[in-house]
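Just follow the structure's listing: the first ligand is 1, and inside any ligand the first atom is 1.
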Amino acid sequence: MTTSRRKFIKISALGIGGLVTSTSALNLFGKNSYLNNKTALNITQNLKKTATYCEVCFWKCAAWAHSDEQGNIKKIIGNETDPHCFGRLCPRGTGGVGMYHDEDRLKTPLIRTTINGEETFREASWEEALDLIASKFKDIKEKYGAESFALLKHGSPGKHLEHLFKAYGSDTVAEPAYAQCRGAREAGFNLTYGSWIGSPEPTDIRDTKCLVLIGSHIGENMHNSQVQEMSDAIDNNATIITVDPRLSTAASKSQYWLAIKPATDIALMLAWMHVIIKEELYDKAYVKRYTIGFDELKDHVENFTPEWAYGITTIKPEDIRKTAREMAHAAPAVIIHPGRHVSWYGDDTQRARAMAILNGLLGSWGRRGGFYFKESISVPKFPHPKYPHPKWDWRDIGEKFPLAQMGITTEVIRHAIPSKDNKYPVKAMMVAGTNITKSIPNKKLLEEAIDELEFMVVIDTMPMDVTGYADVVLPECTYLERYDGIRSATNREPSIAVRVPAVKPKYDSKPGWWIAKQIGERIGLGDFFKYDDYKEVIEWQLKKMGTSLEEMEKIGVKHYPRKSGPMYLVEGENHEFPTASGKIELYSKELKDLGFDPMPLYTKHPEPPQGFYRLNYGRSPMHTFSRTANNPNLNDLKSENNLWVNPKVARIIGLKTGQSVWLKNQDKITSTFSIKVRVTERIRWDSVYMVHGFGHDNKKLSRAFGKGINDTEMVTKTMIDPIMGGTGMRGNFVEILTEDPHKTVEI
Ligand SMILES: Nc1nc2c(c(=O)[nH]1)N[C@H]1C(S)=C(S)[C@@H](COP(=O)(O)OP(=O)(O)OC[C@H]3O[C@@H](n4cnc5c(=O)[nH]c(N)nc54)[C@H](O)[C@@H]3O)O[C@H]1N2
Ligand SMILES: Nc1nc2c(c(=O)[nH]1)N[C@H]1C(S)=C(S)[C@@H](COP(=O)(O)OP(=O)(O)OC[C@H]3O[C@@H](n4cnc5c(=O)[nH]c(N)nc54)[C@H](O)[C@@H]3O)O[C@H]1N2
Ligand code: SF4
Ligand SMILES: [Mo]
């Protein structure tokens, strides 16, 4: 099967930033463009190239920002030697320049004030805003202890602020990339192999013969090198098996699309294990040498036949058998992809365990075309005094969840609500680079918690919804206007990349490192920030790493040789896995000892009642979460989300493509805005689907305000993973309303 690479990957062409070849990238330079193709190509020679890495998502592709003599950024192009992007940026990365140009950006610090009885923001100087924040830092520490000041963060600015918080004495830190994203996968694979999957995933997709995607919608999920490698795998006739209730882009390129009934994946995987073991298709030598618990697993899956799974998943027994054989046929060059956003149904660590176990049976961990042993190089720490030891931190806040390995945002938020048994009161909060009103569900609880805070400061580049709740808003400059920490990539071989400002910060915006330092100095922590410019930190680190800023400015990415040994297991040799037993744990004693199932079991989850549909959500290749909805370039490509509705459902309700509808969920929450219907066979009749990140409710976002529905608003029921505290968000059911529920009725 051959597929046109260009159609699938929608990543810009090498070297010229996608101006000519790819239709999607071409559209980037549409009516809101800063350039047209011809001028772009002509002026390339006169542009200054600055080394950076992209912050439009967390794949962190290394890139070259091109700016003209007037200091305007004209375009951004992938760094050819970068293993995250192989010289091509995805449409979002190419459109990243829109983050810099967006005229709706935060321009000055803002302080909440009351005018004529109404709360509003007034513009303030940095001096005033920073002094106010510093006084609150001192206040909170005196009254409650530094621990009561929490930091919710995501992305590069988070690193600088985490340093400030640790110096101050608070490790009450969390980010949505754990409990709302990949935490359960890390827990599940850690239990099995003794190590996290991490980012980028060490999936050897370019050499695989069979890629199994369970939900992962690579191609819409645009994690760059992964998409490119999948495209190569397709060209090399690898078998793609996609398990998804929706015909995703990946499913449409697959030999097998298993349109599973939502929330039943564990049953499918147990049946796959059953077939693989019953038909003796597993890698016997690998299982014998590297794993423990095979006999227990064999007994465990004895009754989980494809016929049993059929009743649960709606996938035909012969399809389950056929796909299990396909995987075994390709093994060990097979990947049961661990997924990334896995906080679905609350039994997510167990679903990740099932994926990990399947890989173990097929012998793909540590094998070419399966999972490689990743390696990175550590960046030396710039010297600073020892951090004080907090009396309590994110671990205590998440203590209910024995295998939580990072802060749980929802728990940190919940601890802002006073109660008798709240031993760890959160009294103030800094939110940096995360739009929590979009990324954390259960808005009622969130608003209740925010209401209780004595102080809240938000650091963002844009007037996102979350800024509306702050006492002080600080405008950070964009990634194109600042130095940041060195990117050390975990990959087939180690490499580093630098981020150097391509232009001066626009308006009165400042870099995150500067903000952290300014607050630190004001509260007596100057010794933790012994530099005038973050450039000095990078220069010091690069020197220790055998290079220099001067060299890095020329090359952008530097590669280092592997030191940890071969990328794959050496045939016939033993290998010590970093688990308690030193083996791949098919049976987990650790889980058993903690009172959990030592091997995954299928549990039935509630199904939508009559008239309701399961709310399913995912990614658009043109957008990242809520952060790009207002980006002029990307908004031009896609300005709102749509509601995917099966034709059967459309017939019942009488819906047509393009019609505006509202949603009402099981807890009677109605959507603030409407969404346009897209009638399509590509979604099962029991679910509806939309892209996450739209439905913005801050009017200051002139392009994004009121466009589409915010899926998070409809997520009021969550299913919590008891093992690591993940927030399962896919158990919400919605009704489709054809009339505006907000229309005032005239009597
Ligand atoms: N363009 C773009 N790319 C991105 C991002 C972005 O914002 N924009 N964000 C990045 C980040 S941080 C993450 S974590 C990843 C997320 O990307 P993935 O990890 O790929 O996300 P998933 O939630 O697994 O994928 C959503 C898919 O799951 C399917 N699905 C829903 N319910 C079920 C079910 O019960 N079973 C199965 N088998 N499938 C189901 C949906 O139909 C949809 O196709 O994307 C990354 N890449
Ligand atoms: N309902 C629902 N919830 C989800 C998801 C979902 O699919 N559906 N996905 C989950 C996943 S996988 C993840 S990883 C999280 C992502 O959660 P978030 O990281 O919170 O995602 P965004 O909504 O993009 O919010 C990022 C914020 O950072 C700001 N920002 C961007 N660049 C900078 C910068 O350089 N400096 C500063 N200071 N701010 C910046 C943006 O303007 C925006 O306000 O959400 C999770 N929550
Ligand atoms: S995948 Fe796209 S958005 Fe993400 S870092 Fe790379 S170019 Fe930027
Ligand atoms: Mo994520």
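A salt bridge between K159 and D484 is absent, with no side-chain N of the basic residue lying under 4.0 Å from a carboxylate O of the acidic one. Taking a cutoff of 4.0 Å between a charged side-chain nitrogen and a carboxylate oxygen, E55 and R92 do not qualify as a salt bridge.
With sequence neighbours excluded, the residues that form a salt bridge (charged side-chain N to carboxylate O under 4.0 Å, His left out) with R105 are E481.
In this structure, atom 11 (C) of ligand 1 lies nearest to the protein heavy atom H223 CE1, 3.8 Å. With hydrogens left out, the protein atom closest to atom 5 (C) of ligand 2 is H692 NE2, 3.7 Å, a heavy atom. Annotation: atom 2 (C) of ligand 1 to nearest protein heavy atom, R92 NH1, 3.2 Å. In this structure, the protein non-hydrogen atom closest to atom 20 (O) of ligand 2 is T434 OG1, 2.7 Å. The protein heavy atom nearest to atom 21 (O) of ligand 2 is F625 CD1, 3.4 Å. Among protein heavy atoms, atom 10 (C) of ligand 2 sits closest to Q180 O, 3.4 Å. If you check which protein heavy atom lies closest to atom 41 (C) of ligand 2, you get D460 OD1, 3.4 Å. In this structure, atom 19 (O) of ligand 2 lies nearest to the protein heavy atom H154 ND1, 2.4 Å. The protein atom (non-hydrogen) at minimum distance from atom 45 (O) of ligand 2 is S439 CB, 3.3 Å. Distance from atom 47 (N) of ligand 1 to its nearest protein heavy atom, with residue and atom name: N221 OD1, 2.9 Å.
Look at C181 and you'll find a heavy atom under 4.0 Å from some atom of ligand 1. Ligand 2 is never approached by E175 to a heavy-atom distance shorter than 4.0 Å. Ligand 2 is approached by R482 to a heavy-atom distance shorter than 4.0 Å. Within the structure, ligand 1 lacks R614 among the residues with a heavy atom less than 4.0 angstrom away. Using a 4.0 Å heavy-atom cutoff, R619 is listed among the residues neighbouring ligand 2. Residue P441 places every heavy atom at 4.0 Å or more from ligand 2.
You'll find the ring centres of F58 and H223 outside the 6.0 Å limit. Between H696 and F705, a ring centre-to-centre spacing not shorter than 6.0 Å is recorded. In summary, the aromatic rings of H341 and Y617 are positioned with their centroids under 6.0 Å apart.
When only interatomic distances are considered, the shortest N/O to N/O separation between M729 and ligand 2 does not fall below 3.5 Å. For T478, no nitrogen or oxygen atom sits less than 3.5 Å from a nitrogen or oxygen atom of ligand 2, counting backbone and side chain alike. Ligand 2 has no nitrogen or oxygen under 3.5 angstrom from a nitrogen or oxygen of Y617. Close N/O approach between R246 and ligand 1 is found [any backbone or side-chain N/O within under 3.5 Å]. The N/O atoms of T264, backbone and side chain alike, include none that comes under 3.5 Å of an N/O atom in ligand 1.
No side-chain donor-acceptor contact under 3.5 Å links H337 to the backbone of L211. In terms of modelled atom types and a separation under 3.5 Å, the side chain of E220 and the main chain of S620 share no donor-acceptor contact. With hydrogens and angles disregarded, a donor-acceptor distance shorter than 3.5 Å links the side chain of N631 to the backbone of L634.
Annotation: cation-pi geometry not satisfied between K517 and W514 (NZ/CZ under 6.0 angstrom from ring centroid, within 45° of ring axis). A cation-pi arrangement is absent between R614 and F733, since the terminal nitrogen or guanidinium carbon is not both under 6.0 Å from the aromatic centre and inside a 45° cone about the axis.
Nearest-heavy-atom check against atom 33 (C) of ligand 2 across T461, N630, V466, D465 picks out T461. Nearest-residue assignment for atom 36 (N) of ligand 2 (options M462, M714, E476; heavy-atom criterion): E476. By heavy-atom distance, the residue among W644, Y345, W59 lying nearest atom 34 (C) of ligand 1 is Y345. Here the shortest heavy-atom distance to atom 4 (C) of ligand 1, taken over H605, R627, M222, belongs to M222. Evaluated by nearest non-hydrogen atom to atom 44 (O) of ligand 1, the leading choice among V227, T628, I260, D244 is D244. The residue from P245, A259, P262 that puts a heavy atom closest to atom 40 (C) of ligand 1 is P245. Of the candidates D265, I214, L213, D265 brings a heavy atom nearest to atom 38 (N) of ligand 1.
Contacts with ligand 1 closer than 4.0 Å are made by side-chain heavy atoms of N616 only, the backbone lying farther away. With a 4.0 Å cut-off on non-hydrogen atoms, C90 does not touch ligand 1 at all.
Using a 30° and 60° split on the angle between ring planes, H692 and F625 fall in the perpendicular class, above 60°.
Donor-acceptor pairing under 3.5 Å is lacking for the side chains of N616 and S687.
Around atom NZ of K316, no more than 12 heavy atoms belonging to other residues, nucleotides or ligands sit under 6.0 Å away.
Distances below 4.0 Å separate heavy atoms of S216 from the following atoms of ligand 1: 20 (O), 24 (O). Against a heavy-atom cut-off of under 4.0 Å, V243 is close to the following atoms of ligand 1: 37 (C), 38 (N), 39 (N).
In this structure, Y100 and V503 have side chains that are in contact, with non-hydrogen atoms separated by less than 4.5 Å.
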**Step-by-step side-chain contact (heavy atoms from CB on, under 4.5 Å) determination, L480 to M99** = CA-CA 9 Å; L480 295 162; M99 256 161 126; 5.6 Å; no

**Message:** Walk me through whether R182 and S199 qualify under side-chain contact (heavy atoms from CB on, under 4.5 Å).
**Reply:** CA-CA 10 Å; R182 55 198 173 91; S199 178; 4.3 Å; yes

